[in-house]
Asks: 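Sharing a structure with you now.
We count ligands from 1, going down the list as the structure has it; atoms in each ligand are counted the same way. Counting begins at 1 with the first residue of the sequence.
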Amino acid sequence: MEDRAIVVTRRLPGVPFDSLARRFRAGAPPPDAPMARGDLLRRVRGASGILCTLADRVDAEVLETAGPSLKAVSNFAVGVNNVDVAEATRRGVRVCNTPEVLTEATADLGFALLLAAARKFSDAERFLREGRWTGWDPWGFLGVPVHGATLGIVGMGKIGAAVAKRSRGFSMRVLYHSRRRLPPEREAEAGASWRGLDDLLAESDFVVLCVPLTAETRGLISRERLSRMKPAAVLVNVARGEVVEEEALASALSAGRLFAAGLDVYEREPVVHPALLSAPSAVLLPHLGSATGEAREAMGRLATENLLAVLEHREPPCPVN
Ligand code: DGY
């Protein structure tokens, strides 16, 4: 066994903890829940690598506690907003993530949320399960049409493009907003036209958020921006909760200033704003974007390969810095 230590913060699909533990000092098997902050700080001391999830805050304190032995932070997620990448870079620590392998699963979920919110799945199912259904109702649970509607995608990375691809089957007109406009051939491939964010919000019947959480995207969908959306529009968030001002969204939904929302992510996970919990027009999922067995196994394999590559002085497959 090598003298180097690693920390795996949680039991994860696709991460062969036992075989890693035969090669590196890895401590006790990781818990089946997020690692407590105190345990994380205790276990990272002198470690060479950390394999973590989005529930672990790998900030300056963790990096400082780990010390100069730390070479790799491998995140079991595509989003790396839980890692202080600037500080890691300053300390010469490679940060890696797991893009691509979860693209299709996340786009599937985004589109499922769009359909579910448009057609009031959650509210209608609740009604049925509560035994309140007394028969077919010509006025019951009237939704908004998806076919032929305008879809606005905010963040046209891989997941955004995969959502656009799904919309073709519904003959949707696709608008997109991202910091940089795509080259014309990529726009044509996605069948999407660029808009400024405010125009996209005003023109779209469905807005799907696919941006990473950064300093620029935190609070991007503010109260003011929500007010630009059509009252019959649907907002879907498969990005990060902090991209939306949750309080403002909750009040727009309760006041009927938006038709519905489909949310997979929240500002203070796992806490969900009480006004969202009580809004019948909100379809709420517990951060399931990448939750297929295939995607999660692939994320684990990639996160392991990222970690091993850095520790073996090879270029990792998915570096962030
Ligand atoms: C990610 O990868 O960033 C998702 O939010 C979790 O799979």
Side-chain angles (χ1 to χ4, degrees), residues 8-15 30 32-35 50-59 72-85 88 94-114 153-163 166 178 208-218 220-221 235-244 246 261-272 276 283-307 316-321:
V8 178
T9 64
R10 188 168 186 164
R11 192 173 73 83
L12 292 167
V15 174
D32 243 338
M35 187 174 274
I50 304 175
L51 197 159
C52 55
T53 78
L54 51 83
D56 304 303
R57 198 159 34 84
V58 182
D59 54 10
V73 174
S74 174
N75 209 30
F76 180 93
V78 64
V80 288
N81 53 288
N82 57 308
V83 181
D84 187 338
V85 178
R94 294 306 291 276
V95 179
C96 306
N97 68 346
T98 60
E100 312 219 351
V101 291
L102 47 65
T103 298
E104 304 301 341
T106 308
D108 283 348
L109 191 97
F111 217 84
L113 273 173
L114 181 157
I153 298 175
V154 180
M156 195 54 129
K158 296 206 166 56
I159 295 172
V163 170
R166 282 152 181 75
S178 50
V208 181
L209 305 177
C210 301
V211 280
L213 177 63
T214 62
E216 294 86 60
T217 63
R218 187 177 292 276
L220 186 71
I221 307 299
L235 179 71
V236 172
N237 191 2
V238 288
R240 285 289 185 267
E242 296 94 319
V243 173
V244 179
E246 204 164 86
L263 307 177
D264 188 40
V265 287
Y266 307 88
E267 252 180 347
R268 290 180 303 121
E269 294 180 13
V271 177
V272 179
L276 288 178
V283 177
L284 308 175
L285 297 179
H287 205 145
L288 297 180
S290 60
T292 66
E294 285 79 357
R296 291 277 166 86
E297 286 281 331
M299 288 165 72
R301 284 194 299 273
L302 189 49
T304 304
E305 176 51 20
N306 278 327
L307 177 76
C318 300
V320 170
N321 61 356

Asks: Would you say Asn237's side chain and Arg240's backbone share a donor-acceptor pair under 3.5 angstrom?
Replies: yes
Asks: Please test Glu104 against Arg166 for salt bridge (Lys or Arg N to Asp or Glu O under 4.0 Å), starting from the C-alpha separation and ending with a verdict.
Replies: CA-CA 10 Å; Glu104 304 301 341; Arg166 282 152 181 75; 2.7 Å; yes
Asks: Among all protein heavy atoms, pick out the one at the shortest distance from atom 4 (C) of ligand 1; state its residue, atom name and that distance to 0.1 Å.
Replies: His287 NE2, 3.7 Å
Asks: Should Leu54 be counted as touching ligand 1, given the test is an N or O pair under 3.5 Å?
Replies: no
Asks: For atom 1 (C) of ligand 1, state which one of Leu288, Thr53, Val78 supplies the nearest heavy atom.
Replies: Val78
Asks: State whether the side chain of Arg94 and the backbone N or O of Val73 hold a donor-acceptor pair below 3.5 Å, judged by distance alone.
Replies: no
Asks: Could you see which bit of Thr106 sits under 4.0 Å from ligand 1, with heavy atoms only: side chain, backbone, both or neither?
Replies: neither
Asks: So how far is it from Thr292 OG1 to Leu102 CG, rounded to the nearest 0.5 Å?
Replies: 9.0 Å
Asks: Within a reach of under 6.0 Å around CD of Glu269, are more than 12 heavy atoms found that belong to other residues, nucleotides or ligands?
Replies: yes
Asks: I'd like to check whether Thr98 has a polar contact with ligand 1, where a contact means an N/O of the residue lying under 3.5 Å from an N/O of the ligand.
Replies: no
Asks: Which of the atoms in ligand 1, numbered in the order shown and given with their element, are less than 4.0 Å from a heavy-atom of Gly79?
Replies: 1 (C), 3 (O)
Asks: Minimum heavy-atom separation for Cys318 to Asn306, with atom names?
Replies: N-OD1, 3.0 Å
Asks: Tell me, which protein residue and heavy-atom name are nearest atom 3 (O) of ligand 1, and how many Å apart are they?
Replies: Arg240 NH2, 2.7 Å
Asks: Could you identify the single nearest non-hydrogen protein atom to atom 7 (O) of ligand 1 and state the distance to 0.1 Å?
Replies: Ser290 OG, 2.6 Å
Asks: When rounded to the nearest 0.5 angstrom, what is the spacing between OG1 in Thr217 and CG in Asn81?
Replies: 8.5 Å
Asks: For ligand 1, which atoms sit closer than 4.0 Å to a heavy atom of Ala77?
Replies: 1 (C), 2 (O), 3 (O)
Asks: Just jot down the ligand 1 atoms closer than 4.0 angstrom to any heavy atom of Met299, in number order.
Replies: 7 (O)
